[in-house]
Amino acid sequence: MQALDLLLTRVSSPVLDEPAPTPEQLDLIFRAAFRAPDHGGLRPYRFLQIEGQGRERLGKVFVEAARVENPAITDAELDKLAGNPLRAPMILVAIACLQDHPKVPLIEQQITAGCAAHSMILAAFAQGIDSIWRSGAMAFNRDVHRLLGLEANEEIIGFIYMGKARKHRVVPCPSPGEFVQRWGHA
């Protein structure tokens with residue numbers, strides 16, 4: 001796939017089926033992450049690869065965390081949370097690993113982790129793998145962080161669901177003029 005075609009046609013795919021990326025495809029996906037802009041070369045990210053029964057375990061983590069956060073949560077809400085990780089054959093949890101640094105503020109490290117995650121999505125799409133980046137309440141829940149083994153200096157950037165789209169969407173691209181202003185020109 002040509003780079004500009006990739007950048008201009010990639011869309012999020014909310015419903016994903018098998019197959020999950022192969023080990024060879026994942027190798028390229030992770031290598032793409034390592035090319036994200038990274039002030040200081042800190043590599044302030046890591047990823048959890050979740051597939052198979054791990055997705056059911058992640059659903060149980062979501063349910064346990066939701067019960068702690070809201071003891072009055074309904075069974076329907078818990079069922080939905082338990083099923084969320086089953087929406088794709090593989091999930092990559094993108095984690096920002098933040099560290100004190102005299103020249104690289106935390107926001108730059110978070111952006112680097114986000115760029116690494118985005119690079120993974122692009123590398124996946126270039127190989128015919130569809131994806132969607134999801135966050136939601138569980139991404140920011142401290143109990144989810146604890147149950148997934150995150151350290152105190154880590155935070156979830158997003159859950160990247162990967163597989164094959166049931167249906168490819170066409171999403172119109174806005175005009176650059178809607179978002180770009182010239183500044184400082186006479």
Side-chain angles (χ1 to χ4, degrees), residues 3 6-7 10 12-14 16 20-70 81-82 84-127 129-163:
L6 166 72
L7 294 170
R10 192 219 62 87
S12 294
S13 299
L16 300 160
T22 66
E24 295 79 19
Q25 290 171 320
L26 278 172
D27 182 67
L28 293 173
I29 288 167
F30 291 128
R31 287 175 185 268
F34 304 148
R35 293 299 182 178
D38 184 4
H39 184 188
L42 300 178
R43 294 221 168 105
Y45 46 74
R46 69 183 180 96
F47 308 98
L48 299 177
Q49 180 179 330
I50 301 174
E51 55 191 320
Q53 292 181 341
R55 297 173 306 140
E56 292 170 10
R57 289 183 57 207
L58 180 59
K60 290 176 182 174
V61 164
F62 289 172
V63 166
E64 183 177 335
R67 279 189 173 132
V68 169
E69 187 173 71
N70 177 11
L81 284 170
N84 282 350
L86 304 177
R87 296 182 289 194
M90 179 181 287
I91 302 167
L92 300 175
V93 184
I95 300 168
C97 308
L98 307 174
Q99 51 196 290
D100 289 327
H101 192 279
K103 293 184 179 180
V104 186
L106 297 179
I107 185 68
E108 285 189 29
Q109 296 175 50
Q110 291 167 318
I111 291 168
T112 292
C115 286
H118 187 246
S119 292
M120 292 181 357
I121 288 171
L122 293 175
F125 192 72
Q127 298 179 81
I129 301 161
D130 300 301
S131 65
I132 188 167
W133 178 331
R134 296 184 182 271
S135 55
M138 293 295 106
F140 309 110
N141 183 294
R142 285 297 181 202
D143 286 311
V144 169
H145 292 191
R146 179 182 54 78
L147 293 165
L148 291 179
L150 273 65
E151 300 291 331
N153 66 317
E154 296 180 323
E155 57 191 35
I156 294 174
I157 294 296
F159 298 97
I160 301 170
Y161 288 66
M162 292 190 170

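These numbers come from a predicted model, not from an experiment. As a basis for the values below, the full set of heavy atoms in this structure was taken, side chains included, without hydrogen atoms, waters or symmetry mates.
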- Task: Taking Q109 for its side chain and V104 for its backbone only, find out whether a donor-acceptor pair lies under 3.5 Å.
- Result: yes
- Are any side-chain N or O atoms of S135 and backbone N or O atoms of G158, one a donor and one an acceptor, separated by less than 3.5 Å? no
Does the side chain of [X] reach to within under 4.5 Å of the side chain of [Y], using non-hydrogen atoms?
{"X": "P85", "Y": "R57", "result": "no"}
{"X": "I29", "Y": "Q127", "result": "yes"}
{"X": "F62", "Y": "V144", "result": "yes"}
{"X": "L122", "Y": "R10", "result": "yes"}
{"X": "F30", "Y": "Q49", "result": "yes"}
{"X": "C97", "Y": "L42", "result": "no"}
{"X": "D27", "Y": "E24", "result": "no"}
{"X": "H39", "Y": "H101", "result": "no"}

Atom [atom1] of [X] and atom [atom2] of [Y]: how far apart are they, to the nearest 0.5 Å?
{"X": "Q25", "Y": "M162", "atom1": "CD", "atom2": "CE", "result": "10.0 Å"}
{"X": "I132", "Y": "L16", "atom1": "CD1", "atom2": "CG", "result": "7.5 Å"}
{"X": "M120", "Y": "F34", "atom1": "CE", "atom2": "CZ", "result": "9.0 Å"}
{"X": "Y161", "Y": "L86", "atom1": "OH", "atom2": "CG", "result": "8.5 Å"}
{"X": "I157", "Y": "H118", "atom1": "CD1", "atom2": "NE2", "result": "14.0 Å"}
{"X": "N84", "Y": "I91", "atom1": "CG", "atom2": "CD1", "result": "8.5 Å"}

- Task: Please list, chain by chain and in numerical order, all residues satisfying salt bridge (Lys or Arg N to Asp or Glu O under 4.0 Å) with R35, sequence neighbours excluded.
- Result: none
Closest contact, heavy atoms only, [X] versus [Y]:
{"X": "F47", "Y": "A116", "answer": "CZ-CB, 4.1 Å"}
{"X": "P14", "Y": "R134", "answer": "O-NH2, 3.1 Å"}
{"X": "A126", "Y": "L6", "answer": "N-CD1, 3.8 Å"}
{"X": "A123", "Y": "L28", "answer": "CB-O, 4.2 Å"}
{"X": "M90", "Y": "L92", "answer": "SD-CD2, 4.1 Å"}
{"X": "D38", "Y": "R43", "answer": "OD2-N, 2.7 Å"}

- Task: Step by step, work out the side chain to side chain contact (heavy atoms under 4.5 Å, CB included) result for F125 and D130.
- Result: CA-CA 6 Å; F125 192 72; D130 300 301; 3.9 Å; yes
- Derivation and outcome, side chain to side chain contact (heavy atoms under 4.5 Å, CB included), residues E64 and D143: CA-CA 8 Å; E64 183 177 335; D143 286 311; over 6 Å; no
